[in-house]
Amino acid sequence: MMIRVTVWNENVHERELPEIAKVYPEGIHGTMKRFLEKEPDMEVRTATLDQPGQGLSEALLADTDVLLWWSHARQEEITEENVRLVCRQVHAGMGLIALHSAHYSKVMRALLGTPMTLHWREHDSEKLWCVNPAHPIARGVEPCITIPDEEMYGEPFGIPEPDEVVFLGWYKGGEVFRSGVTFHRGYGKIFYFQPGHEEQPVYEMPQIQRIITNAVRWAAPGYRVKEYPDNVHAV
Ligand code: ZN
């Protein structure tokens, strides 16, 4: 069965900063779409903040099996209604993959309910260690991936205790970070993945693409309802 993927991207840095436009001429969403749609079991759409309704609607989300989300500069502009729509679909079974600075998106804060803060420093380099090679998201992934130029994200990371830690990041500054973690909320599966600072073409790295592709398959719903059940008075 085809996995219906929607890549939602804020698409602000790519449009406003020429040096970022050079890194991602199609936008981060365009890059994601290009490599994901090579998979025979995925059909991929993109949506961006500047579109009507911020690129989101109840109909689009109801027709999405897995939503990828990249945001940074304008996360606070996402409407409460859109946050509610995304959370509702995750609770009903839609998968969510939150990328890089989307740890602090309104959607992730609402779903996980903890501060979601961290330490950061630009222009570090990361060794991404796979600490759970048996996990489906780690299939075909090398034990350690070196990302030559990546923003450091450091602990403490204000997430709830994750269900699983699949990747740990180590930076040349000495910090460590839970760079690939999973959660369940309602019937939906969530994967947070740290790599992907916009100044370097990290999403062009084949091993990073492998992880994101695996994550889409992992997060695709095995069970999906129209709406997570309300409180029901038992008779
Ligand atoms: Zn960044």
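For ligands, and for the atoms within them, numbers begin at 1 and follow the listed sequence.
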For Phe167, is the NZ or CZ atom of Arg178 found under 6.0 angstrom from the centre of its six-membered ring and inside 45 degrees of the ring axis? no
With side chain to side chain donor-acceptor pair (under 3.5 Å) as the test, pick out the partner of Tyr171 among Glu151, Glu126, Lys127, Glu150. Glu126
Closest Glu151 atom to the Zn ion (ligand 1) [N, O or S only]: OE1
From the N, O or S atoms in His197, identify the one nearest to the Zn ion (ligand 1). ND1
Does His72 bring an N, O or S atom to under 2.8 Å of the Zn ion (ligand 1)? no
Check the pair His72 / His100 against side chain to side chain donor-acceptor pair (under 3.5 Å), numbers first and verdict last. CA-CA 9 Å; His72 179 230; His100 191 57; over 6 Å; no
d(Asp163 CG, Thr182 OG1) to nearest 0.5 Å is 4.5 Å
